[in-house]
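Down below is the structure, laid out as structure tokens.
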Amino acid sequence: MKNIELTSTTAQRIYKDYLKRVEKCLTILSKVDRQEMLMEINSHIFEGMQRFSDNNETDNLLTVLEKLGTPKEFLKPVIADKKIAQAVRTFNPKDVLQALLLNFKNGIIYSVFALLYLLLFVFVFFIAAKIIFPAKTGLFYLDDKFQAFGFIQNIDGMNDVLRFWFIPFVTLSAIIFYLLITLLLRFTKKK
Amino acid sequence: MHKWTAQVKKGVLSFIVLNILQENEYYGYELIEEVKKNTDIEIAEGTLYPLLNRLKKEELVSSKWVEQESGIPRKYYSLSEKGKINLQEMKEYWVNMSSSIQKLL
């Protein structure tokens with residue numbers, strides 16, 4: 001990208017600082033998208049500067065940037081959108097978390113998804129319980145009838161059918177649950 | 001009141017942009033000037049870029065980079081075929097809605 005030529009060093013510093021802030025906001029985008037947006041903002045600043053007939057470069061630049069707004073504020077929708085697309089493509093928990101946080105205010109649906117993802121912690125809790133209280137955590141049956149799944153106080157006469165398979169089973173369930181809700185998120189987004 | 005006007009502005013901005021683009025193709029800065037010239041909407045100019053991005057994703061507008069002598073290219077936006085159809089529907093909806101609101105006032 002070609003930078004705008006500015007004569008005053010103060011103007012140069014302001015300009016570079018602004019572009020840096022834009023770039024920082026766009027780090028989660030792909031390189032192509034980031035470059036595209038950066039070029040467009042750069043073009044906006046350039047065109048804005050061309051509208052002035054006087055030579056107060058620094059003042060003019062500041063006016064253009066002020067009207068353009070704070071990058072963090074006006075770029076929010078782009079970032080939130082792209083992040084969801086990225087999250088459902090990569091299945092990366094970090095992307096999913098970021099996407100939900102960014103979209104939280106954009107509708108009730110994302111709050112529902114946040115809750116679903118929070119439910120994953122139940123699985124983590126089960127695994128921790130199995131490690132700390134191995135005897136009281138499991139899939140319990142009494143005379144071939146299902147009694148309880150998880151962590152319970154009173155296990156009189158019950159039989160834990162999973163035993164050491166409990167942790168692998170819970171882990172696998174968690175993974176399946178995670179994949180399911182992420183697929184659901186992808187589906188919601190596509191509509 | 002302030003919150004309401006802000007919401008209305010946000011809601012109609014894409015409609016305004018599509019209307020402006022039906023006449024001509026414009027690059028970002030020019031488009032903002034047109035928005036300002038035709039309406040009294042005061043917006044942080046930057047908000048227009050995410051909006052254009054969305055319209056592009058929805059295939060209502062198309063864009064192309066045009067090289068300039070200055071070395072800093074302009075990104076021109078124009079209304080796509082889908083955008084034209086959509087805009088027509090939006091206009092009809094707008095007319096119907098404003099006439100029903102008018103009756104209420």
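In what follows, chains carry the letters A, B, and so on, assigned in the order in which the sequence lines appear, proteins first and then strands, with residues in each chain numbered from 1. These numbers come from the heavy atoms of this one structure, side chains and all, not from hydrogens, waters or symmetry mates. Predicted model, so just to flag it, every value in this text is computed and none were measured.
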Item to check | B/Tyr27 six-ring face occupied by B/Lys75 cation (under 6.0 Å, within 45°) | outcome: no

Next on the checklist: Could you check, using the six-membered ring where one of them is a Trp, whether A/Tyr178 and A/Tyr117 have ring centers closer than 6.0 angstrom?
Outcome noted: yes

Checklist entry - Is the CZ atom of A/Arg51 crowded by more than 12 outside heavy atoms at less than 6.0 Å? => result yes

Checklist outcome for this item: So, the part of A/Ile79 with a heavy atom under 4.5 Å from chain B: the answer is neither

Item to check | Interchain contact, A/Gln50 with chain B, by part (heavy-atom threshold 4.5 Å) | outcome: neither

Checklist entry - Which pair of non-hydrogen atoms, one from A/Pro77 and one from A/Phe74, has the smallest distance, and what is that distance? => result CD-O, 3.5 Å

Next on the checklist: With chain B as the partner, which of A/Glu5, A/Lys67, A/Lys2 has the greatest number of non-hydrogen pairs under 4.5 Å?
Outcome noted: A/Lys67

Checklist entry - What part of A/Met1 lies closer than 4.5 angstrom to a heavy atom of chain B: side chain, backbone, both or neither? => result neither

Checklist entry - Relative to chain A, which segment of B/Ile32 carries a heavy atom at a distance below 4.5 Å: side chain, backbone, both, or neither? => result side chain

Checklist entry - So what's closer than 4.5 Å to chain B heavy atoms on A/Asn3: side chain, backbone, both or neither? => result backbone

Item to check | Heavy atoms from other residues, nucleotides or ligands near CD of A/Glu66 exceed 12 (cutoff 6.0 Å) | outcome: no

